[in-house]
Structure formats: C-alpha cells, structure tokens
There are 2 protein chains.
Amino acid sequence: MNPRFFVDSSAIERQGGGGFVAEIAGDEAHHALRVLRIAPGDEVVVLDDSGLEYHGRVREVASRDKPPRFWVQGETIEPAAGEPPFRVCLVQALPKGDKMDLVVQKGTEVGITHFAPALSERVVVEYDPRKAEARRARWQRIAQEAAKQGGRGRRPQVAAIRPVLQCLVDLKDELILVLWEQAETPIKKVLREENRQGIGGVALVVGPEGGFSAREVEAMEALGARAVSLGPRILRTETAGPVAAAIVLYEWEGG
Amino acid sequence: MNPRFFVDSSAIERQGGGGFVAEIAGDEAHHALRVLRIAPGDEVVVLDDSGLEYHGRVREVASRDKPPRFWVQGETIEPAAGEPPFRVCLVQALPKGDKMDLVVQKGTEVGITHFAPALSERVVVEYDPRKAEARRARWQRIAQEAAKQGGRGRRPQVAAIRPVLQCLVDLKDELILVLWEQAETPIKKVLREENRQGIGGVALVVGPEGGFSAREVEAMEALGARAVSLGPRILRTETAGPVAAAIVLYEWEGG
C-alpha cells in the first residue's frame with residue numbers, strides 16, 4: 001500500500017484536465033520526510049476527509065523549509081474504498097490506564113467513524129479537566145495514524161469527554177446498541193431484524209471495567225437504546241467496542 | 001462473575017450424592033490467596049478443561065502451606081457456557097515485539113481454542129530456540145489468565161512454534177481460511193456457503209507484518225486452505241486473528 005497523508009481540503013488544488021496538486025506540511029510532512037524518507041517520484045495517496053482519494057507522485061520536496069513540506073501531483077481522484085457506508089460510533093466509558101489508546105487504534109482499523117469517550121457511574125479514571133483536551137488530541141492523533149495504516153478514507157472523529165447519557169442525546173438517527181453482559185437479546189438478532197436501509201448509523205455503547213449499572217441501562221433504554229449481548233463469553237471493556245464494530249460491519253457492509 | 005480457577009482433573013474428587021471437593025494449589029492458589037484474598041465461604045468456580053464447571057464455596061484455606069492451597073466444596077456441576085461448539089484455531093505468523101501477547105489475550109477473550117505460533121517467509125522476529133519454550137509457556141499463562149476472566153470453560157492450547165505449512169499439515173478436519181489482503185473472496189461468502197455441520201473446526205491463518213507471499217498462499221491452498229478477505233480495510237497482523245475469530249463465532253455459534 002502506498003503511503004497515505006491526510007490534509008485539509010484547502011491544501012488540495014484541482015487543476016484543469018482533472019488533475020490536482022496537494023501541499024503536505026506540518027507533522028505529516030515531518031514524519032514523511034524524516035521517517036518514511038519520501039522522495040520525488042514516490043507514489044502516494046492524499047486524503048482530505050471528503051471521502052475521496054487523490055493518487056499522485058511526489059513532485060517536489062522542501063525539507064529545509066520550516067516546517068518542511070512537499071507537493072504531490074496526480075490525475076487519479078476516486079472514492080476512498082475503506083470507508084463504511086454508514087456512521088459507526090463508539091461511545092466508550094473511559095477504561096483504566098492507557099486502554100483507550102488501544103480502543104481508538106483497533107476501532108479505527110475495523111472501521112469506527114466516531115469515538116465518544118464517556119463518563120459513567122463506574123468509571124474510575126479521573127482526568128484533570130485541563131488535561132482532557134490533551135487526551136482527546138492524543139486519541140485523535142492515534143486515530144489519524146491508524147486511519148493511514150488501515151487504508152481508511154476519512155479520519156475518525158474523537159469527541160470531547162462527556163457523560164454517557166449526553167453522548168446518546170447528541171446522536172442523530174443512529175441505532176443505539178448498549179453492549180451489556182446482562183442483556184439477553186443477542187446482537188445478531190437485532191442486526192438481522194433491523195432494516196439497515198432506514199438507519200443513518202450505529203452507535204455502540206460500552207461500559208468501563210465495572211460495567212454499566214442496571215439504572216444506567218434503563219436510562220439509556222429510555223433514550224431509545226437497546227441492550228444486547230455479544231455472546232456467551234465476557235470481553236474486556238477495551239475489546240468489546242472494536243469487536244462489536246467489526247461484527248456490525250461484517251453483517252451490514254457490502255453484499 | 002465469581003472467581004474461576006483451572007486445575008488438573010486429578011485435583012477434583014467427585015463425592016457420593018453428586019458433590020465434589022477440589023484442591024487448588026500452586027500459582028493459582030498463590031494468586032487467589034495473596035491477590036484476590038479468597039477466604040472460606042467465598043463462591044468460586046473450578047474448571048478442569050473437561051468442558052464442565054464446578055460451582056462451590058471455599059471450605060478451607062492453608063495459606064501457610066508451601067505452596068499455599070485451598071479446598072472448594074460444592075454440589076453444582078454443569079457444562080461450561082463459554083466454550084465454542086467447534087475448534088477455532090489461530091495459526092499466527094509471529095508478529096514483532098510483544099504483539100503475540102495481545103493476540104493470545106484478545107483471541108482467548110473472543111473464543112479461540114488453539115493457538116499455533118508460526119514461522120513464515122516474512123517473519124522478522126527470531127527466537128533463540130532455547131527461549132522458544134519459555135515464550136510458549138508465557139503465552140499459555142496469558143491464555144489461562146484471559147480464559148479465567150472471560151468465563152471460558154477450557155484453557156486454549158498454545159502449540160510450539162512451527163513453520164506455517166507444518167501447522168496446516170498438523171490440523172485435523174478444520175476449514176482452513178488464510179486471511180490475505182490480496183484475496184478477492186470475502187470471508188462472509190465462505191462462512192455463509194459452507195455447511196458448518198460437517199466441519200470439525202475452523203483454522204484462521206494470519207501472516208506477519210509483511211503479509212504472506214503469493215507463493216506461500218499457493219502452497220497453503222494446495223493443502224486445502226482458502227484465501228479470504230476480511231473487507232475493504234487493512235487490519236494489522238495482531239488485530240486480524242481475534243477479529244476474524246469473533247466473526248466466525250458470530251456467524252456459526254448458537255442460533
């Protein structure tokens with residue numbers, strides 16, 4: 001797979017005849033030139049979160065500019081293949097330690113489009129509110145890196161940390177599935193009975209290490225969520241979201 | 001979930017009237033007494049890899065014995081709920097660093113029953129043969145710990161490191177699926193067309209970071225394997241096996 005770079009759409013200029021020129025600068029350029037040792041003539045893919053892929057070659061490198069930058073020129077612009085045809089949102093109650101890093105990396109690989117880090121009754125980690133934005137930015141960087149390596153066409157969005165019920169209220173027309181070990185309805189039953197055509201997306205809601213309380217699940221159900229089981233085994237909190245997303249996409253994406 | 005302990009079946013003694021007494025010793029007892037602070041009266045589950053669960057209470061604790069041990073007595077013996085109804089084997093070409101630890105932990109959570117760490121053309125890690133058994137024992141410990149936490153009824157078995165083709169030759173009557181990013185057949189097509197009733201199990205074969213060569217895939221196909229795609233995104237080597245196993249079990253386990 002050719003190296004992939006995300007830029008703002010303003011960095012891509014369409015040219016007459018269907019071609020484009022893109023400027024890659026900042027951290028992306030730094031990494032490309034210092035670590036990947038990108039050089040003129042290399043084939044690369046530029047992405048701007050529009051759902052399109054711009055295939056071209058490196059035309060010129062300015063590695064001594066501060067910050068360094070380079071330009072890509074090409075003719076092939078096509079839909080990005082690695083994007084799910086509907087939103088896949090993971091509302092993840094904050095797990096301990098640095099496990100959210102793993103959730104974001106693996107979740108991006110399998111195809112999650114939105115991450116909503118959440119607070120719930122049994123969340124035990126506490127972030128200093130002043131550090132919450134730094135955490136979010138870290139997860140956003142992990143998502144971007146995983147999106148590049150996984151052939152994604154858009155960068156998943158990582159939202160600010162909010163209470164779990166607020167995350168649900170802020171959803172649009174997603175089918176909301178709470179993964180709850182005490183639920184009796186298998187996720188398979190819901191996925192096979194729902195009409196995916198009428199659904200704008202799926203939101204998967206995962207509790208922290210201690211799970212959700214019955215009261216929390218009731219409150220989520222009152223907001224339209226359905227509690228489902230992932231099967232007879234118990235997955236750790238950091239495993240449940242990416243696995244459930246992979247299953248939703250297995251069932252509903254493509255043929 | 002009550003704490004779960006794996007023992008050799010010789011450590012469980014059936015009693016008249018349908019009850020049992022089990023002795024837990026060694027590392028399991030050490031961990032139970034020192035970390036979990038198990039005490040007389042606590043409800044626990046004892047497992048012996050037979051596919052049965054023994055539910056009972058701690059009767060007596062000998063924490064000053066060297067090694068420490070304790071005894072569990074109970075009446076309820078029932079089939080272990082967390083075991084797949086067929087073998088799920090992961091043939092994993094060795095990934096870099098300690099990623100195999102993650103593969104074994106996450107794979108055990110989702111339900112893999114056998115791990116076969118493998119060598120292939122593009123494997124870059126090299127284990128000193130004298131350390132290979134220590135590695136295997138480490139993965140076996142990780143599998144045991146994950147099996148306890150995940151509610152599994154049996155400990156997955158971790159085989160010795162072997163060449164990937166040898167792993168395939170040593171399989172019994174498994175449906176062999178090579179997860180290959182260049183394959184055109186979606187895994188969904190194969191899972192929905194195959195008759196799972198006639199299959200003793202599924203073996204999933206995953207390449208290292210650099211993937212399998214076309215030549216390797218051909219050799220595996222000559223041994224009866226089918227190359228399949230996991231979808232439009234590219235999963236890292238350590239993600240592919242657990243995700244594919246979760247999908248196989250989603251499709252074929254239960255209703």
Side-chain angles (χ1 to χ4, degrees), chain A residues 1 4 79-85 88 99 102 105-113 145-154 156 181-182 185-189 191-192 209-211 229-240 242-255, chain B residues 1 4 79-85 88 99 102 105-113 145-154 156 181-182 185-189 191-192 209-211 229-240 242-255:
Chain A
M1 192 170 71
R4 298 164 78 87
E83 282 309 293
V88 183
K99 285 181 191 162
L102 192 67
Q105 186 191 68
K106 299 305 169 208
T108 299
E109 287 177 54
V110 302
I112 289 171
T113 62
E145 206 45 46
K148 287 161 67 175
Q149 290 202 18
R152 295 286 301 268
R154 288 191 172 97
E181 70 281 6
Q182 294 177 51
T185 308
I187 190 172
K188 192 174 187 170
K189 185 167 188 293
L191 293 180
R192 298 223 165 145
E209 283 80 2
S229 155
L230 264 180
R233 289 166 293 280
I234 293 162
L235 301 186
R236 293 180 200 221
T237 176
E238 75 271 21
T239 315
V243 163
I247 283 171
V248 167
L249 286 163
Y250 169 80
E251 186 66 66
W252 278 3
E253 192 178 32
Chain B
M1 192 170 69
R4 299 164 78 87
E83 281 309 292
V88 182
K99 285 183 191 162
L102 191 68
Q105 186 192 68
K106 299 304 168 209
T108 300
E109 286 176 55
V110 300
I112 288 171
T113 63
E145 206 45 47
K148 287 161 66 176
Q149 291 203 16
R152 296 285 302 266
R154 287 190 171 96
E181 68 281 5
Q182 293 176 50
T185 309
I187 190 172
K188 192 174 186 171
K189 184 166 189 293
L191 294 180
R192 298 223 166 146
E209 282 81 1
S229 155
L230 264 180
R233 288 165 293 278
I234 294 163
L235 301 185
R236 293 180 202 222
T237 176
E238 75 271 21
T239 315
V243 162
I247 283 172
V248 167
L249 287 163
Y250 168 80
E251 186 67 66
W252 279 5
E253 191 178 34

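The chains referred to below are lettered A, B, ... by the order of the sequence lines, with proteins before strands, and numbering in each begins at 1.
At least one donor-acceptor pair closer than 3.5 Å links the side chain of B/Glu109 to the backbone N or O of A/Arg236.
The CG atom of A/Leu102 sits 8.0 Å away from the OG1 atom of B/Thr239 when rounded to the nearest 0.5 Å.
Between B/Glu253 and A/Pro232 there is a side-chain heavy-atom pair separated by less than 4.5 Å. No side-chain heavy atom of B/Val243 sits less than 4.5 Å from a side-chain heavy atom of A/Tyr250. Here the side chains of B/Arg152 and A/Arg233 are in contact, with some heavy-atom distance below 4.5 Å.
Listed by chain and residue number, B/Met1 satisfy the side chain to side chain contact (heavy atoms under 4.5 Å, CB included) test with A/Ile234 (two or more places apart in sequence, or in another chain). Legend: residues meeting side chain to side chain contact (heavy atoms under 4.5 Å, CB included) with B/Glu209, ordered by chain and number and at least two apart, are B/Pro95, B/Lys96, B/Lys99, B/Thr237.
For B/Pro186, no part sits under 4.5 Å from any heavy atom of chain A, backbone or side chain. Heavy-atom distances place the side chain of B/Gln105, and not its backbone, under 4.5 Å from chain A.
Comparing A/Gly231, A/Gly151, A/Ala246, A/Gly111 by heavy-atom pairs within less than 4.5 Å of chain B, the highest count is held by A/Gly111. Each of B/Leu230, B/Thr108, B/Leu235 has some count of heavy-atom pairs under 4.5 Å with chain A, and the biggest count is that of B/Leu235. Counting heavy-atom pairs closer than 4.5 Å to chain B, the top-ranked of the candidates A/Gln149, A/Lys189, A/Glu181 is A/Gln149.
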